[in-house]
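Inspection log for the structure reproduced underneath, given as structure tokens.
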Amino acid sequence: MTEKPAGPRPERLAGRELLDAVTAELQKQPDVAVGRMFGSEGYSVRGKLFAFVSTDGSLVVKLPAERIEALGLDNMVMHGGPAKEWASVPFADGADRWRAICEEAHAFVDEITPR
């Protein structure tokens, strides 16, 4: 029997570090806070998550389905099927793309979340 490694996987840690860096300006906004989803900490607007890091280190964001398609992103897979309005952005896409997509996800969730 193999033991599970203690703590998060290195990929998730690297992704979380990148997420923290690319959302530094968003984190200064009063309605943005840390939240949890799918076992990962991410960022929320008034309690609704807009971005977090998956176990493989990818960025996961909430966006409209048509925007996910326009950006050429894959839907996050949950319970064997694509999760509507949740997209996965590979770590390799880099900081600039992550930052732009996080800003867009923040704006989308801010718009759909009651004040």
Side-chain angles (χ1 to χ4, degrees):
M1 183 165 155
T2 57
E3 289 185 37
K4 288 175 107 176
R9 292 170 48 180
E11 298 90 347
R12 181 176 263 181
L13 292 173
R16 180 55 200 236
E17 187 175 304
L18 182 56
L19 177 61
D20 289 346
V22 302
T23 59
E25 288 302 311
L26 290 173
Q27 292 173 48
K28 295 175 184 175
Q29 297 190 21
D31 289 345
V32 173
V34 173
R36 286 190 68 79
M37 187 168 194
F38 307 117
S40 181
E41 283 188 347
Y43 293 100
S44 65
V45 176
R46 294 181 300 285
K48 300 293 182 183
L49 221 61
F50 67 88
F52 67 94
V53 175
S54 68
T55 56
D56 70 358
S58 296
L59 170 66
V60 180
V61 292
K62 185 169 181 71
L63 290 169
E66 57 277 354
R67 190 65 183 135
I68 292 170
E69 185 176 336
L71 289 167
L73 299 172
D74 292 327
N75 285 88
M76 179 184 80
V77 175
M78 185 170 66
H79 303 298
K84 183 180 176 190
E85 294 192 331
W86 287 100
S88 179
V89 185
F91 182 83
D93 281 11
D96 290 339
R97 181 153 163 95
W98 274 37
R99 183 176 295 104
I101 290 173
C102 282
E103 289 171 358
E104 193 169 335
H106 170 265
F108 172 64
V109 173
D110 184 42
E111 182 180 310
I112 64 170
T113 303
R115 293 191 184 271

Where the side chain of [X] meets the backbone of [Y], is there a donor-acceptor pair that is under 3.5 Å apart?
X	Y	answer
Arg16	Ser40	no
Trp98	Pro90	yes
Asn75	Lys84	no

Honestly curious: do [X] and [Y] fall in one hydrophobic cluster under the side-chain, below-4.5 Å linking rule?
X	Y	value
Val22	Val89	yes
Val109	Leu19	yes
Val45	Val60	no
Val77	Phe52	no
Val32	Val34	yes

Nearest-0.5 Å distance that lies between atom [atom1] in [X] and atom [atom2] in [Y]:
X	Y	atom1	atom2	value
Asp96	Ile101	CG	CD1	11.0 Å
Ser58	Arg12	OG	CZ	10.5 Å
Lys48	Ile112	NZ	CD1	8.5 Å
Leu59	Ser88	CG	OG	7.5 Å
Thr23	His106	OG1	NE2	10.0 Å
Glu17	Phe91	CD	CZ	8.0 Å

Original post:
Do Arg67 and Phe108 touch side chain to side chain, with heavy atoms closer than 4.5 Å?
Top reply: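 The answer is no, as the side chains (C-beta and beyond) never meet within the 4.5 Å cut-off.
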Original post:
Is there a side-chain contact between Phe50 and Thr113, using heavy atoms and a 4.5 Å cut-off?
Top reply: no
**OP:** Give a yes or no on whether a salt bridge exists between Arg46 and Asp110, defined as a side-chain N under 4.0 angstrom from a carboxylate O.
**Re:**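 Yes, Arg46 and Asp110 are salt-bridged.
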**OP:** Work out which heavy atom in Leu18 is nearest to a heavy atom in Gly94; give both atom names and the distance.
**Re:**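 Scanning both residues completely, I find the closest heavy atoms to be CD2-C, 4.5 Å.
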Original post:
Counting heavy atoms not belonging to Gln27, are there more than 12 under 6.0 Å from its CD?
Top reply: yes
**OP:** Check the surroundings of atom CD in Glu69: do more than 12 heavy atoms from other residues, nucleotides or ligands lie under 6.0 Å from it?
**Re:** no
**OP:** State which residue, out of Leu63, Val61, Leu49, fulfils the side chain to side chain contact (heavy atoms under 4.5 Å, CB included) condition with Trp86.
**Re:** Leu49
